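Encoded as structure tokens, the structure appears first; notes follow it.
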There are 2 protein chains.
Amino acid sequence: MEKGKKIPAATIFRLSVYRQHLLEMRKQGRRTVSSLELASAARVNPAQLRKDLSYFGRFGVRGVGYSVDGLLQEISTILGLRRPWNLCVLGGGKVGRAIIVSGHLEQRGYFVEAVFDSRPEIIGHSIGPGLVVEDIRGAGMSLPQKEVFLCMITEEVPDLNGCVHRLLDAGIRGFLSLVPVSASIPPTIPVQYMDFTTLLDTLAYTLTHGVNRGGPDFLEGEPVTTEKPPMGACLV
Amino acid sequence: MEKGKKIPAATIFRLSVYRQHLLEMRKQGRRTVSSLELASAARVNPAQLRKDLSYFGRFGVRGVGYSVDGLLQEISTILGLRRPWNLCVLGGGKVGRAIIVSGHLEQRGYFVEAVFDSRPEIIGHSIGPGLVVEDIRGAGMSLPQKEVFLCMITEEVPDLNGCVHRLLDAGIRGFLSLVPVSASIPPTIPVQYMDFTTLLDTLAYTLTHGVNRGGPDFLEGEPVTTEKPPMGACLV
DNA sequence: ACTTGTGAAACAATTCACAGCA
DNA sequence: TGCTGTGAATTGTTTCACAAGT
């Protein structure tokens with residue numbers, strides 16, 4: 001068990017990925033799993049998986065492997081996922097509504113407790129079970145009693161910066177955004193960006209620079225390679 | 001200009017991010033920009049930006065900076081974005097439809113030319129202008145004449161593996177998926193994964209381990225720090 | 001005076017390889 | 001024998017610091 005060391009951010013991501021595969025394995029009735037097996041499901045080197053876990057403790061049995069359920073509990077504890085997390089959504093348009101009603105978030109323990117917008121024509125729309133798009137100006141009233149610390153920003157809304165600051169005032173402590181936020185968010189507040197088109201751009205780059213031999217021919221310039229199965233940084 | 005060197009995947013991502021900010025700056029009429037300015041918009045170190053560009057050439061003027069429009073052209077060329085890219089979507093459910101009609105993709109040069117599904121109850125649905133959800137079994141007939149090399153997978157559909165292989169046969173050479181794909185995709189085919197909940201998990205970790213002092217108190221265990229503004233790897 | 005471009009240095013992450021234990 | 005856990009070696013990435021150009 002490595003102690004006092006800095007945990008690479010990439011380790012935390014991989015932990016979430018391992019957890020996803022463990023959930024799947026448990027659903028299929030698997031009792032134990034080796035680092036080799038779990039690592040290949042997650043497409044990483046087995047030593048990487050063991051090193052990732054070693055930052056937090058010793059969870060396996062030599063010669064045997066890991067208990068699927070046991071490791072799941074451990075990783076959930078590490079990530080802080082032994083409790084439900086409430087969420088609010090900024091942006092009550094089509095994309096926001098689709099993500100909410102798709103049920104993906106609930107499946108993974110994230111519960112949408114409020115949806116906000118700054119556009120009068122969107123405010124008041126009903127979304128799924130007992131959810132109505134609220135005026136962002138009411139966030140300060142509605143959020144604090146709901147224990148909501150995370151916000152997902154789904155689209156550009158008028159005065160995005162102002163909205164973000166209202167949410168900060170209302171107790172939001174972390175953001176996942178599908179759009180760039182130029183607001184001056186204090187550096188203590190984690191913000192994750194996720195952008196479809198940035199990832200598509202990396203695919204375009206890869207296809208353009210002939211890492212794929214054998215497809216239709218779009219070779220331009222000399223081949224340049226990106227070292228790995230391209231691993232994505234969801235920045236904006 | 002560094003030549004013959006391997007380009008870090010992270011560099012390619014950042015190039016796409018720089019491009020986004022340059023597009024915004026050009027829209028606002030900016031003519032030139034320094035590495036300091038562009039780097040701070042993209043939240044990276046200025047030396048990082050210059051190093052990223054130096055893999056591909058010398059695009060700036062010492063003492064002056066970069067031409068916004070010139071650099072935009074250069075980065076677009078590097079990424080292979082001087083042409084439109086056609087896209088197909090696998091998964092004609094709510095999430096897929098919302099992403100398509102939101103117009104984000106078109107704005108960035110990605111055009112949805114076909115939508116497929118394997119669920120009879122979804123096939124035939126109309127989506128926006130002249131788009132109808134097609135049976136995945138027809139992909140081999142419909143795609144090749146459309147010059148579509150990229151596919152976005154928006155949800156789990158029945159026989160996902162089979163669908164993916166049909167798409168490969170139909171000429172698809174890169175995937176962006178919102179769900180895990182266990183299909184044996186040849187390693188020459190780039191696959192990018194994007195998962196909301198993995199990113200939320202990293203936020204949950206950060207909030208759980210008190211990197212945020214001053215919020216509501218959810219301290220459990222001793223504080224562990226992740227080195228940076230958490231930077232996301234969109235793996236699954 | 002100011003800003004780029006880039007070797008060299010510093011830092012970080014991954015992988016190896018094997019000791020240690022069931 | 002088989003698989004974990006981990007220090008050491010390797011590999012990769014970022015940042016520094018300054019020469020060079022305008």
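Throughout, protein chains are lettered first and strands after them, A, B, ... in sequence-line order, and every chain is numbered starting at 1. From a predicted model like this one, the values you see are computed outputs, not experimental measurements.
- The separation between B:Asp52 atom CG and D:dT14 atom C1' is 10 Å, rounded to whole Å.
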Under the side chain to side chain donor-acceptor pair (under 3.5 Å) criterion, do A:Gln192 and A:Ser177 qualify, and how do the steps go? CA-CA 6 Å; A:Gln192 287 283 1; A:Ser177 181; over 6 Å; no

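- In this structure, A:Gln48 atom CD and D:dT11 atom P are separated by 16 Å, rounded to whole Å.
- Judged by distance alone with a 3.5 Å cut-off, a donor-acceptor contact links the side chain of B:Arg50 to the base of C:dG5.
- Atom-to-atom, CD of A:Glu74 to P of D:dG5 comes out at 11 Å; the value is rounded to the nearest Å.
- Contact annotation: B:Tyr55 side-chain N/O to D:dT14 OP1/OP2 distance is not under 4.0 Å.
- Computed from coordinates, the A:Leu49 CG to D:dG5 P distance equals 9 Å when rounded to whole Å.
- Rounded to a whole Å, the CD1 atom of B:Ile7 is 13 Å from the C1' atom of D:dT13.
- Remark: B:Arg58 is in phosphate contact with C:dT6, judged by side-chain N or O atoms under 4.0 Å from OP1 or OP2.
- Between B:Ser35 and C:dT3 there is no side-chain polar atom (N or O) within less than 4.0 angstrom of OP1 or OP2.
- Between the CZ atom of B:Arg62 and the P atom of C:dA1 there is a distance of 19 Å, rounded to whole Å.
- The side chain of B:Asn45 places no N or O atom within less than 4.0 Å of a non-bridging phosphate oxygen (OP1 or OP2) of D:dT13.
- In this structure, B:Arg43 atom CZ and D:dT14 atom C1' are separated by 18 Å, rounded to whole Å.
- Rounded to an integer number of Å, the gap from CG of A:Leu38 to P of D:dG5 is 12 Å.
- Residue A:Ser34 places none of its side-chain N or O atoms closer than 4.0 Å to OP1 or OP2 of D:dC3.
- When all heavy atoms of A:Val112 and A:Leu105 are compared, the closest pair comes out as CG2-CD1, 4.0 Å.
- The distance from the CG atom of B:Asp52 to the CD1 atom of B:Ile7 is 9.5 Å, given to the nearest 0.5 Å.
- Looking at A:Asn86, A:Leu143, A:Val89 one by one, the single match for side chain to side chain contact (heavy atoms under 4.5 Å, CB included) with A:Glu113 turns out to be A:Asn86.
- A 4.5 Å side-chain heavy-atom check between A:Leu176 and A:Leu150 finds every atom pair outside the cut-off.
- Using a 4.0 Å cut-off, no side-chain N or O of B:Lys51 falls inside it from OP1 or OP2 of D:dT13.
- Residues A:Gly63 and A:Ala47 each lie close to DNA chain C; by heavy-atom proximity, the contact nearer the 5' end of the strand is made by A:Ala47.
- Side chain of A:Lys6, nearest nucleotide from C:dT6, C:dA13, C:dA12: C:dA12.
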